[in-house]
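Structure, as structure tokens:
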Amino acid sequence: MMDLQGRDFLKLLDFTTEEITYLVDLAADLKARKKKGIPVDRLKGRNIALIFEKTSTRTRCSFEVAAYDLGMGVTYLDPSSSQIGKKESIADTARVLAGMYDGIEYRGYGQDIVEELAEYSKVPVWNGLTNEFHPTQMLADLLTIKEKFGKVEGLKLTYMGDARYNMANSWMVTCAKMGMHFVACSNPKYFPDPALVEECQEIAKTTGATITLTSDVMEGTKDANIIYTDVWVSMGEPDEVWSERIADLSPYQVNKKAMDNAAEDCIFMHCLPAFHDLKTKIGEEISEKFGISEMEVTHEVFESEQSVVFEEAENRMHTIKVVMAATLGWEKL
Ligand code: CP
Ligand code: NVA
């Protein structure tokens with residue numbers, strides 16, 4: 001057992017390789033218990049608050065279901081129904097909520113906001129996505145990779161697309177911590193922040209990880225075990241950037257050619273939601289405006305045998321359960 005009681009979960013930079021491994025393995029254990037119908041509701045009587053300043057399907061549902069499975073009550077605060085930031089500061093909100101709840105989830109904009117919330121909250125704060133990081137997604141993805149390959153260390157993960165936002169940042173940190181080989185394969189305009197690259201390179205020296213930035217798709221995808229992508233325009237970014245993003249990132253679409261160039265056992269991953277067909281409002285609008293029917297991933301790859309995106313989505317719930325359980329001291333009960 002590893003004691004994480006009382007800790008915040010804000011970014012994986014704050015956790016050791018051993019702590020991350022422990023959380024992923026405990027998630028596999030709680031997933032197995034759920035499949036067998038074994039209850040884990042040791043946190044009965046506790047309550048959590050979920051603050052969402054951006055929309056969500058997976059993260060919100062995962063926190064809610066996981067909390068119910070652990071026996072906890074949940075309050076959901078949507079982007080429009082609280083005073084946060086408008087009439088009440090983050091510091092005051094943190095102290096109000098910490099007086100009523102045992103844990104607080106925050107999804108929103110700058111990482112500085114969730115860090116401030118945690119500074120002023122006496123109960124654990126969990127990052128449900130910021131512009132800079134999406135750490136709960138990383139645990140779900142590591143669990144999925146471990147289920148597929150039996151390990152994570154030594155694997156090559158190639159991230160294609162917008163590599164300067166929450167998902168690629170999180171992957172660069174995760175690969176550095178876990179001894180994986182990270183490749184950001186994109187237009188150099190979308191390479192990650194050099195300061196974060198340097199920080200990750202320092203960590204990589206201690207774990208055997210490597211960090212590579214390339215704009216060459218064939219070089220970047222060669223022998224990859226995992227090809228990962230995300231939307232080209234993230235939540236909170238203005239609609240005006242679509243045209244530039246499509247022009248800049250189309251060469252970095254995950255398609256059959258990229259997958260065929262990777263290792264034979266390569267899997268395709270995506271945090272979702274994904275634009276791979278015209279069955280969404282935005283997908284339709286983009287198609288009308290720019291004449292494309294697929295964006296960061298082709299429908300063919302998304303629906304292929306190599307795609308593990310729905311297993312990944314399910315694992316969000318099992319891993320978020322562990323983040324709450326571990327930081328609320330579940331194992332000691
Ligand atoms: N992957 C993810 O965070 O999905 P949601 O935006 O639906 O929560
Ligand atoms: N980069 C995406 C991730 C969604 C899970 C966004 O921030 O919108």
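The chain is numbered in sequence order, starting from 1. Every number for a ligand or one of its atoms is a count from 1 in the order of the listing.
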TODO: Heavy-atom distances under 4.0 Å are what count here, so tell me which part of L129 touches ligand 2: side chain, backbone, both or neither.
DONE: side chain

TODO: Select one of side chain, backbone, both or neither to describe which atoms of Q137 lie under 4.0 Å from any atom of ligand 1, heavy atoms only.
DONE: side chain

- [ ] Check each atom of ligand 1 against the heavy atoms of T57 and keep those under 4.0 Å away; list them by number with element.
- [x] 5 (P), 7 (O), 8 (O)

Task: Shortest protein heavy-atom distance from atom 4 (O) of ligand 1, along with the residue and atom involved - done: R58 NE, 2.8 Å

Open item on the list: Heavy-atom contact check, 4.0 Å cutoff: does L272 meet ligand 2?
Closed with: yes

Open item on the list: What I want to check is whether the side chains of N315 and E147 have a donor and an acceptor closer together than 3.5 Å.
Closed with: yes

Task: Short N or O distance, R316 and ligand 1, threshold 3.5 Å exclusive - done: yes

- [ ] Ignoring angles and geometry beyond distance, decide whether P273 reaches within less than 3.5 Å of ligand 1 through its nitrogen or oxygen atoms.
- [x] no

Task: Geometric cation-pi criterion R60 and F52, 6.0 Å radius, 45° cone - done: no

- [ ] Carefully, step by step, assess T221 and M160 under the rule side-chain contact (heavy atoms from CB on, under 4.5 Å).
- [x] CA-CA 9 Å; T221 54; M160 298 178 78; 3.8 Å; yes

Task: Sub-3.5 Å N/O-N/O distance, V231 and ligand 2 - done: no

Open item on the list: Which residue in the set K205, K156, H181 passes side chain to side chain donor-acceptor pair (under 3.5 Å) when paired with T210?
Closed with: H181

Open item on the list: Pairs of nitrogen or oxygen atoms closer than 3.5 Å, one from D230 and one from ligand 2: do any exist?
Closed with: yes

- [ ] Among all protein heavy atoms, pick the one closest to atom 6 (O) of ligand 1 and tell me residue, atom and distance.
- [x] R107 NH1, 2.9 Å

- [ ] Assess the side chains of E116 and Y120: does a donor N or O sit below 3.5 Å from an acceptor N or O?
- [x] no

- [ ] Note the single closest protein heavy atom to atom 8 (O) of ligand 2, along with its residue, its atom name and the distance in Å.
- [x] M235 N, 2.8 Å

Open item on the list: Within the 3.5 Å criterion, strictly below it, is a donor on Q111 or K11 matched to an acceptor on the partner's side chain?
Closed with: no

Open item on the list: In this structure, does ligand 1 have an atom that sits under 4.0 Å from one of the heavy atoms of R60?
Closed with: no

- [ ] Please check if the side chain of N261 supplies one atom and the backbone of M218 the other of a donor-acceptor pair under 3.5 Å.
- [x] yes

Open item on the list: If you measure every N or O of S234 against every N or O of ligand 2, does any of those distances drop under 3.5 Å?
Closed with: yes

Task: Nitrogen or oxygen of M235 less than 3.5 angstrom from that of ligand 1 - done: no

Task: Atoms of ligand 1 close to L272 [distance to a heavy atom under 4.0 angstrom, numbered from 1] - done: 1 (N), 2 (C), 4 (O)

TODO: Answer yes or no: does an N/O atom from N166 fall short of 3.5 Å to an N/O atom of ligand 2?
DONE: yes

Open item on the list: Test of understanding: given a 4.0 Å heavy-atom threshold, classify the contact between L129 and ligand 1 as side chain, backbone, both, or neither.
Closed with: neither

Open item on the list: Measuring centre to centre across the rings, with the benzene-like ring taken for any Trp, is F290 within less than 6.0 Å of W242?
Closed with: no

Open item on the list: With no hydrogens and no angle check, just 3.5 Å: does a side-chain donor-acceptor pair link D248 and Y190?
Closed with: yes

Open item on the list: Just checking F9 against F15, ring centres under 6.0 Å apart?
Closed with: yes

